[in-house]
Amino acid sequence: MPPALSTIVEEARFAAQALIEFAGGLAHPTVRLGVTGLTRAGKTVFMTALVHNLLHGGRLPVFEALNSGRIARARLAPQPDDAVPRFDYETHVQRLVHDREWPESTRNVSELRLVVDYQSGNGRAKSLTVDIVDYPGEWLLDLPLLNRTYAQWSAETLTLSRQPPRSTLAAAWHAQLLTMRPEEPEDEQAALEAARLFTDYLKACRDERYAMSLLPPGRFLMPGDLAGSPALTFAPLDLPTQGEAPAGSLWAMMERRFDAYKRVVVRPFFLNHFARLDRQIVLVDALAAFNAGPAALRDLENALVAILECFRTGRRAWLSNIFRPRIERILFAATKADHLHHTNHDRLERILGRMTERAIARAQFAGASIDVIALAAVRATREAMVAHRRERLPSIVGTPAAGEAAGSEIFDGHTEAAMFPGDLPDDPEALFSGDAGTFTGLTAADASQADYRFVRFRPPPLEPNERGVSVLPHIRLDRALQFLLGDRLA
Ligand SMILES: Nc1nc2c(ncn2[C@@H]2O[C@H](COP(=O)(O)OP(=O)(O)OP(=O)(O)O)[C@@H](O)[C@H]2O)c(=O)[nH]1
Ligand SMILES: [Mg+2]
C-alpha cells in the first residue's frame, strides 16, 4: 500500500526539523539523551538525580571531565521544543530532597535542556548542550507495533496470554473472546466490552505479584487525553490464519482502530521524540522481576527484545539515517541497586548483562556501542552486617515506605529497618536454564516463602554538603555519565 498523504507530510516535516537540528548541532554541539525504560523503572528519578548532581557538584569521581576540573559549570537553559512540556525538575527535587517522597508516575512526554560549559582536552572553552527527554514507560512498548499488522499483533498477544501465569489473569477476557465472531457485522458494544476486559487483563499482569513487562498497547494502561476514544477501543481477536476482513465486520472495525492507534498515537511519538535521540539509557527494574519470580524475569527479557527492535526501527527510518547519526550508544542499567548490599551489585550487573546479550542475539541487533551497569540514581539505603543465628548477613538499612511489609511487620514510613533481601546467584546462567522453578517469587508463593524480597524505601534524609546544598547520593551514576557523555566532553 502506498503511504498515506498524512504520512508523507509528517515525514517531510520531520525531515525539515532534522535538517534544522543538524545545522544547529554543528554550531552548538548537542546530545539528545533518551531516558528509556518500562513503567516504574526509575526514569524520572534518574533524570532528576543526574541534573541535580551536575548542577550542585555531586560526588562523581568516575566522570572524568568533572573530576579533572574541566567542567566550569552546568546550567539549565530554555528547551528547544515550544510544544513539549518542560520536565518539572524543581518539583521533583522538592519532593525527593525536602519531602522524601518519590515522583508520581509520568503521564506525558517532557524535556529539559542542560548546558555544560567545559574546557576541552586542548584547553579551549566549549559548551555541550544536553537535551533529556522523559515519557511514560508504557509508551515504549508501543513502538514495535509499528512493524505489526492487526492480525500479527492479535496472534502474538493471544499466544502470550495463553501461557501461565498470564492465562489465569486472562480468564474473563478469554471467555468473552469466545463469544466474538470476527466475520460478523461490527458491534460497538462488543468492542467496548472486549477493550475493557483486555485492559483489565493488562492491569492484572502489571500487579507486583506478576510484574509482567510486555504489555502493549501502552495507552490502554496510561490513556492520557485519549481515554474513551475509538483509537483505544479495540482488542485482539482470534482470527483465521488466511483471508481478509469482510467489509463492515467486527474484524474490519478492530483492524481500522488498531491502524488508527498506530497513526494517531505511535507514529507521532516515534517521529517527534524517539527517532530524534542520539543516545539511550535503558533503565531496567530487574528487582521487581526477582520479587515476582522466574516468569517475570523471562517476560522482562522478552520486553528487552522488543525494546531493541524499537532501536532497529529507529535505524531503519531513512530520514533519520540521512540527517542524524543513528543511536550511537546504549547503556542498559539495572536500577535501584541500593536495594542490595554492594557485594551483590556485580551479580546484578552480570544478570542484566546475560539478559541483554540474549536479547541482542534474539533481536538480531547490532550497531550501537552497548554497556551494562547496576546503579541507583538515588541511594536510599546504607549498608550493615546483621547477625542472624550463626550467620552475618550483608544487609541494607533504610526507611521502608508506609504500608510496606516484612513478615508480620507493617512499616509506618518513619521507622528505619535493616533488611536482608536475599543473595542473587553468582552464576547468572542458572536463571536462564529454562527451568521455570529456578527460584520462588510472589507469583507462586506468599512473601514469607519468596527467595527475594525488595521493599520500597523512602528517599534518604540528607545532610548539606560544604556548599550548603543537599545533593542526592547515588551508586555509579558517575559511571553512567562517563559512558553517556564522557567522549563528547573530551
Ligand atoms: N531505592 C530506590 N528506589 C528508586 C530509585 N529509582 C526509582 N525508585 C523507585 O521506583 C519508583 C519509580 O521511579 P520513577 O522514576 O517514577 O519511574 P519511571 O520510570 O519514571 O516510571 P513511569 O513514569 O511510571 O514510567 C519510585 O517511586 C521509587 O519507589 C532509586 O534509585 N533507588
Ligand atoms: Mg516517570
Side-chain angles (χ1 to χ4, degrees), residues 34-53 58 85 87-89 91-93 95-97 99-112 132-142 203 206 208 211 213 215-216 218-219 221-224 269 273 280-289 291 300 303 307 333-341 345 348 373-383 396-404 411 413 416-417 419 421 454-462 472-480:
V35 181
T36 284
L38 301 170
T39 315
R40 314 309 286 150
K43 298 179 293 298
T44 305
V45 170
F46 175 85
M47 260 179 82
T48 309
L50 180 147
V51 174
H52 196 245
N53 271 274
F87 178 73
D88 196 359
Y89 166 73
T91 303
H92 296 318
V93 169
R95 274 180 72 81
L96 278 167
V97 175
D99 308 339
R100 292 184 62 200
E101 298 290 347
W102 301 105
E104 291 183 1
S105 246
T106 305
R107 297 182 178 279
N108 214 334
V109 63
S110 65
E111 69 180 3
L112 191 69
I132 319 180
V133 183
D134 185 32
Y135 59 88
E138 287 90 350
W139 297 6
L140 178 63
L141 287 176
D142 276 344
K203 283 186 185 150
R206 190 167 65 169
E208 68 162 6
S213 301
L215 301 169
R219 301 289 165 122
L221 292 173
M222 182 59 80
F269 174 60
H273 303 291
Q280 287 269 5
I281 174 162
V282 180
L283 303 176
V284 180
D285 183 1
L287 303 184
N291 261 341
L300 181 59
I307 292 171
T335 52
K336 314 181 194 179
D338 57 325
H339 285 80
L340 288 164
H341 191 267
H345 291 169
L348 179 60
I373 183 178
L375 61 76
V378 173
R379 178 180 197 153
T381 64
R382 53 185 202 278
E383 300 189 337
I396 48 169
V397 181
T399 313
E404 289 289 293
F411 295 103
E416 281 211 327
M419 309 283 236
F454 300 102
V455 304
R456 271 183 326 117
F457 292 99
R458 289 184 64 190
L462 298 180
L472 292 162
H474 63 85
I475 297 171
R476 297 183 181 167
L477 187 61
D478 48 345
R479 232 184 87 192

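Atoms within a ligand are numbered from 1 in the order they appear, just like the ligands themselves.
- A 4.5 Å side-chain heavy-atom check between Leu38 and Leu141 finds at least one atom pair inside the cut-off.
- Of the protein's non-hydrogen atoms, Lys43 N, 3.4 Å is the one closest to atom 18 (P) of ligand 1.
- Between Thr106 and ligand 1, a contact under 3.5 Å exists for at least one N or O pair.
- Residue-ligand proximity, Ala376 to ligand 1, at heavy-atom distances under 4.0 Å covers atoms 31 (O).
- Protein heavy atom closest to atom 8 (N) of ligand 1, with residue, atom name and distance, is Lys336 CE, 3.6 Å.
- Among protein heavy atoms, atom 13 (O) of ligand 1 sits closest to Gly42 CA, 3.5 Å.
- For ligand 1 and Ala380, the ligand atoms under 4.0 Å from any heavy atom of the residue are 1 (N).
- When Asn108, Thr106, Thr36 are each tested for a side-chain hydrogen bond (donor to acceptor under 3.5 Å, both in side chains) with Tyr135, only one passes: Thr36.
- Residue His474 does not touch ligand 1, judged by heavy-atom distances below 4.0 Å.
- Of all protein heavy atoms, the one lying nearest to atom 27 (O) of ligand 1 is Trp102 CB, 3.1 Å.
- Residue-ligand proximity, Asp338 to ligand 1, at heavy-atom distances under 4.0 Å covers atoms 1 (N), 2 (C), 32 (N).
- Set against the non-hydrogen atoms of Thr39, the atoms of ligand 1 under 4.0 Å away are 24 (O), 25 (O).
- Because the distance cut-off is set at 2.8 Å, Thr106 qualifies as a neighbour of the Mg ion (ligand 2) through one of its N, O or S atoms.
- Within the 4.5 Å cutoff, no side-chain heavy atoms of His52 are placed close to those of Leu96.
- In this structure, Phe269 and Trp139 have perpendicular ring planes: the angle between them is above 60°, well past the 30° mark.
- Of the options Arg458, Arg107, Arg40, the smallest heavy-atom separation from atom 12 (C) of ligand 1 is shown by Arg40.
- Among the backbone and side-chain atoms of Thr44, an N, O or S atom lies under 2.8 Å from the Mg ion (ligand 2).
- For ligand 1, the atoms closer than 4.0 angstrom to any heavy atom of Ser105 are 23 (O), 24 (O).
- Between Ala377 and ligand 1, at least one pair of N/O atoms sits closer than 3.5 Å.
- In this structure, Thr48 and Val378 have side chains that are not in contact, with every pair of non-hydrogen atoms separated by 4.5 Å or more.
- The single protein non-hydrogen atom nearest to atom 30 (C) of ligand 1 is Val378 O, 3.3 Å, given as residue, atom name and distance.
- At a threshold of 4.5 Å between non-hydrogen side-chain atoms, the residues Arg40 and Ser105 count as touching.
- Both the backbone and the side chain of Val45 come within 4.0 Å of ligand 1, counting heavy atoms alone.
- Note: an N/O pair closer than 3.5 Å links Gly137 and ligand 1 by distance alone.
- Taking CZ of Arg100 as the start and CG of Leu462 as the end, the distance is 8.0 Å to the nearest 0.5 Å.
- When only interatomic distances are considered, the shortest N/O to N/O separation between Ala41 and ligand 1 falls below 3.5 Å.
- For atom 20 (O) of ligand 1, the nearest non-hydrogen atom from the set Val455, Asp134, Thr44 belongs to Thr44.
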Original post:
Passes salt bridge (Lys or Arg N to Asp or Glu O under 4.0 Å), Glu208 versus Arg456? Steps please.
Top reply: CA-CA 12 Å; Glu208 68 162 6; Arg456 271 183 326 117; over 6 Å; no
